[in-house]
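Just below is one structure, and these are the notes that go with it.
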Amino acid sequence: MNRWLMKSEPDVFSIDDLRRVRVEPWNGVRNYQARNFIRQMHKGDGVLIYHSSCAVPGVAGLATVANAPYPDPTQFDPRSEYFDPGSDRGNPRWTLVDVRFQSKLKRVITLEEIKALPKLGDFALTRRGNRLSVLPVTAAQWEMILGLE
DNA sequence: GCCAACGTTGGC
DNA sequence: GCCAACGTTGGC
């Protein structure tokens, strides 16, 4: 099993929204590095749901990857904000997975706390200029972060 | 292939 | 709202 962190702006789609809908197609990722991580996902992989661009950024809940990666349908929808006229139906440019709610943490584990972990090691979330919306988490990082709850 | 301009992300 | 970081675009 691989482990990932996926960002969402809680004002747009929060862990409470995911709990309500149970399974959500994680569409709209339009960054090649993030897409390449999505393509490495497998059904059952663990996901940290991270709240970004909000008062207290941090990990808010747990989810799992619900299925194998498949083409993001919004790239072919001219009415979608994620429409990509340059994407070829024979070779779709953008990929997504569905994300299944697992649990909401009792409290948000904040970015500040995560940054302060002494043995966190190299982690895309705390690297300079952190902008990736989907990024890998090692087993050790996963344990350390959830150990803060 | 270079690089300036531009747009976006995201913490603060 | 500000601004640093950084990805993308497009002219050359």
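A note on names: the letters A, B, ... follow the listed sequences, proteins ahead of strands, and every chain is numbered from 1. Keep in mind that what you see is a predicted model, and the values were worked out from it rather than measured. Side chains are part of it too, since the values below use all heavy atoms of this structure and drop only hydrogens, waters and symmetry mates.
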For nucleotides 2-4 of chain C, print each protein N/O atom paired with a nucleotide N/O atom at under 3.5 Å, atom names and distance only.
none

* Taking atom types as modelled, is there a side-chain donor on A:Thr74 or A:Arg30 under 3.5 Å from an acceptor on the other? -> yes

* Look at atom CD of A:Glu112 and say whether more than 12 heavy atoms of other residues, nucleotides or ligands are closer to it than 6.0 Å. => no

* **Length of the line joining A:Met6:CE and B:dG10:P, which is rounded to integer Å** => 13 Å

* Asked: For the pair made of CD in A:Glu112 and C1' in B:dG11, what is the distance, rounded to whole Å?
  -> 12 Å

* Please check if any side-chain donor atom of A:Tyr70 sits under 3.5 Å from a side-chain acceptor atom of A:Asp98, or the reverse. => yes

* To do: Check the side chains of A:Thr95 and A:Arg39 for a donor-acceptor pair under 3.5 angstrom, ignoring hydrogens and angles.
  => yes

* Asked: Are any of A:Lys7's side-chain N or O atoms less than 4.0 Å away from OP1 or OP2 of B:dT9?
  -> no

* Steps toward ring-ring contact (aromatic ring centres under 6.0 Å, His included) verdict (A:Tyr32, A:Trp94) -> CA-CA 8 Å; A:Tyr32 286 104; A:Trp94 305 112; 4.8 Å; yes

* Structure fact -> Here the distance between atom P of B:dG10 and atom CG of A:Leu111, to the nearest Å, is 11 Å

* Asked: Less than 4.5 Å apart, any side-chain heavy atom of A:Lys7 and any of A:Asn130?
  -> yes

* Find the distance A:Asp11:CG to B:dT9:C1' and express it as a whole number of Å. => 15 Å

* d(CD, A:Glu9; P, B:dT8) in whole Å -> 13 Å

* Structure fact -> Tested for side-chain contact (heavy atoms from CB on, under 4.5 Å) against A:Pro10, the lone hit among A:Ser53, A:Pro57, A:Ser52, A:Cys54 is A:Cys54

* A:Gln33 CD - C:dA5 P separation (whole Å) -> 17 Å

* To do: May I ask you to verify if any side-chain N or O of A:Tyr50 is less than 4.0 angstrom from the OP1 or OP2 atom of B:dT9?
  => no

* To do: Return no unless some side-chain N or O of A:Lys115 is found under 4.0 Å from OP1 or OP2 of B:dC12.
  => yes

* **Value in whole Å for how far the C1' atom of B:dT9 lies from CG of A:Leu5** => 15 Å

* Nearest-angstrom distance from the residue atom CG of A:Leu125 to P of B:dG10 -> 10 Å

